Amino acid sequence: MEFMLDTVNLDEIKKWSRVLPLAGVTSNPTIVKKEGTINFFERIQEIREVIGTSASIHIQVVAKDYEGILRDARKIRREFGDDIYIKIPVTTDGLAAIKVLKEEGVRITATAIYTTFQGLLAIETGADYLAPYYNRMENLNINPEEVLSLLAQAIARSGSSSKILAASFKNVAQMNRAFACGVQAITAGSEVFEAAFAMPAISKAVDDFAKDWQEAQGKLHI
């Protein structure tokens with residue numbers, strides 16, 4: 001299982017890189033917009049310094065047309081080298097660009113996946129990761145568990161090296177269901193990880209243990 005953080009907020013990344021077995025950081029233009037006016041390329045370098053070289057970074061193209069996607073992808077690669085995964089939406093132009101970029105040895109995360117068919121095509125083009133949008137599918141009355149399960153089966157059946165990097169989560173239950181469907185990785189915002197540890201019963205258990213130890217031993221620490 002791989003746990004990734006869907007943000008470019010440096011404070012959040014510093015915090016959760018200490019807590020999680022962080023496999024990577026993902027971003028898209030909407031996430032970047034939340035940070036206000038920043039030098040994006042400098043921010044990515046700062047993120048790399050925080051998470052180290054073993055964790056992955058996923059950067060999305062902005063262009064929508066074939067030529068523009070290739071141009072964006074090649075610029076990202078020039079800036080950051082070969083260890084960056086370039087996120088490309090699975091559209092007709094996106095798929096055409098993925099085919100060319102994979103021939104150039106570029107690492108690809110195929111994103112904006114809402115349907116099984118999109119995912120199957122991304123697998124066949126050699127995408128390294130597929131990023132289906134769990135919560136967005138639910139909002140459109142698409143069954144995300146069915147999509148994820150079928151893609152996981154297709155990967156296993158074909159022996160593909162593609163991994164499913166499920167995205168767009170609003171709660172921990174959705175992430176748990178995604179893993180149960182056979183995905184290899186998830187990415188979520190820091191608020192979802194915060195919620196995972198916000199259950200009052202967890203804090204109560206820890207407080208009770210500390211209280212019982214102090215009453216029995218007369219001190220707070222072992």
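Model, not experiment: these values are computed from the prediction.
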### Query
Is a donor on one side and an acceptor on the other found under 3.5 Å between the side chain of R43 and the backbone of V8?
yes
### Query
Strictly by modelled atom types, are S158 and S160 linked by a side-chain donor-acceptor pair under 3.5 Å?
no
#### Entry: Minimum side-chain heavy-atom gap Y129-M4 below 4.5 Å
yes
### Query
Is R107 salt-bridged to D83, cutoff N-O under 4.0 Å?
no
#### Entry: Contact summary for E2 and F179, nearest pair of heavy atoms
O-CZ, 4.1 Å
### Task
To the nearest 0.5 angstrom, please state how far the CD1 atom of I51 sits from the OG atom of S56.
7.0 Å
### Task
Give, for atom CE of M137 and atom OG of S168, the distance between the pair rounded to the nearest 0.5 Å.
8.0 Å
### Query
Is it true that a side-chain atom of T7 and a backbone atom of G189 form a donor plus acceptor pair closer than 3.5 Å?
no
#### Entry: Pair E104-V100, side-chain contact (heavy atoms from CB on, under 4.5 Å): steps then yes or no
CA-CA 7 Å; E104 297 177 3; V100 171; 3.7 Å; yes
### Message
Applying the side-chain hydrogen bond (donor to acceptor under 3.5 Å, both in side chains) criterion to H58, which one of D128, T109, D6, T26 satisfies it?
### Response
T109
### Summary
Rounding to 0.5 Å, atoms CD1 (I98) and OG1 (T125) come to a distance of 4.5 Å
### Message
Distance check, rounded to the nearest 0.5 Å: L150 atom CG versus I155 atom CD1?
### Response
11.5 Å
### Query
Taking the side chain from R71 and the backbone from K75, do they hold a donor-acceptor pair closer than 3.5 Å?
no
### Message
Within the 4.5 Å heavy-atom criterion, are K170 and V192 side-chain neighbours or not?
### Response
no
### Task
Kindly write out the residues that satisfy side chain to side chain donor-acceptor pair (under 3.5 Å) with Q184, not counting sequence neighbours, or none if the list is empty.
none
### Minimum heavy-atom distance D72-A63, with the two atoms named
OD2-N, 2.8 Å
## Note on the structure
Rounding to 0.5 Å, atoms CD (E191) and CG (N171) come to a distance of 11.0 Å
### Minimum heavy-atom distance V183-A166, with the two atoms named
CG1-CB, 4.3 Å
### Query
In chain order, what residues pass the side chain to side chain donor-acceptor pair (under 3.5 Å) check against D11, with sequence neighbours excluded?
none
### Query
Would a hydrophobic clustering, with Ile, Leu, Val, Met, Phe, Trp and Tyr connected at side-chain separations under 4.5 Å, put I47 with L20?
yes
For a quick test of your reading: what N or O donor-acceptor pairs under 3.5 Å do the side chains of residues 84-93 make, sequence neighbours left out?
| unit_1 | atom_1 | unit_2 | atom_2 | d |
| --- | --- | --- | --- | --- |
| K87 | NZ | S27 | O | 3.0 |
| T91 | OG1 | G94 | N | 2.9 |
| D93 | OD1 | Y66 | N | 3.2 |

### Query
Looking only at side chains, do Q174 and E138 share a donor and an acceptor under 3.5 Å apart?
yes
### Message
Can a donor-acceptor pair be found, under 3.5 Å and without considering hydrogens, that links the side chain of E79 to the backbone of I76?
### Response
no
## Note on the structure
Scanning both residues in full, the closest heavy-atom pair of A110 with A127 reads CB-CB, 3.9 Å
### Query
Run the side-chain contact (heavy atoms from CB on, under 4.5 Å) check on F169 and N135 step by step: do they pass?
CA-CA 5 Å; F169 293 106; N135 191 69; 5.9 Å; no
#### Entry: Donor-acceptor contact below 3.5 Å, side chain S17 vs main chain K14
yes
### Those residues that, when tested against R77, pass side chain to side chain donor-acceptor pair (under 3.5 Å) (two or more places apart)
D82
### Task
Evaluate the side-chain proximity of E145 to Y134: yes if any heavy-atom separation is below 4.5 Å, no if none is.
yes
#### Entry: Exam field: side chain Q153 to backbone L148, donor-acceptor pair closer than 3.5 Å
no
### Query
Is there a side-chain contact (heavy atoms from CB on, under 4.5 Å) between T115 and V147 once you walk through the steps?
CA-CA 6 Å; T115 68; V147 172; 5.9 Å; no
### Query
Okay, side chain of R74, backbone of I69: is any donor-acceptor separation there less than 3.5 Å?
no
### Message
Test: salt bridge (charged side-chain N to carboxylate O under 4.0 Å, His left out). Region: residues 52-63. Which pairs qualify, not counting sequence neighbours?
### Response
none
### Message
For T111 and Y133, which I'm curious about, is there any donor-acceptor pair between the side chains at under 3.5 Å?
### Response
yes
### Message
Looking at F40, I want to see if its CZ is surrounded by more than 12 non-hydrogen atoms of other residues, nucleotides or ligands under 6.0 Å.
### Response
yes
## Note on the structure
Between N28 and T30, the two heavy atoms sitting closest are OD1-N, 2.9 Å
#### Entry: Euclidean distance, Q45 CD relative to N39 CG, rounded to 0.5 Å
10.0 Å
## Note on the structure
On a heavy-atom basis, the closest approach of A154 and L120 is CB-CD2, 3.5 Å
#### Entry: Residues, nucleotides or ligands: over 12 heavy atoms within 6.0 Å of K102 NZ
yes
### Any F80 side-chain heavy atom under 4.5 Å of I59 side chain
yes
### Message
I'd like to know if L165 and Y114 are part of one continuous hydrophobic network [Ile/Leu/Val/Met/Phe/Trp/Tyr, side-chain heavy atoms within less than 4.5 Å].
### Response
no
### Task
Consider only side-chain heavy atoms of I, L, V, M, F, W and Y, link residues closer than 4.5 Å, and tell whether V62 and L101 are in one cluster.
no
### Summary
Test side-chain contact (heavy atoms from CB on, under 4.5 Å), reference F3, set V19, T187, I186, L22, output is I186
## Note on the structure
Residue set satisfying side chain to side chain donor-acceptor pair (under 3.5 Å) with K15, at least two apart, ordered chain then number -> E194
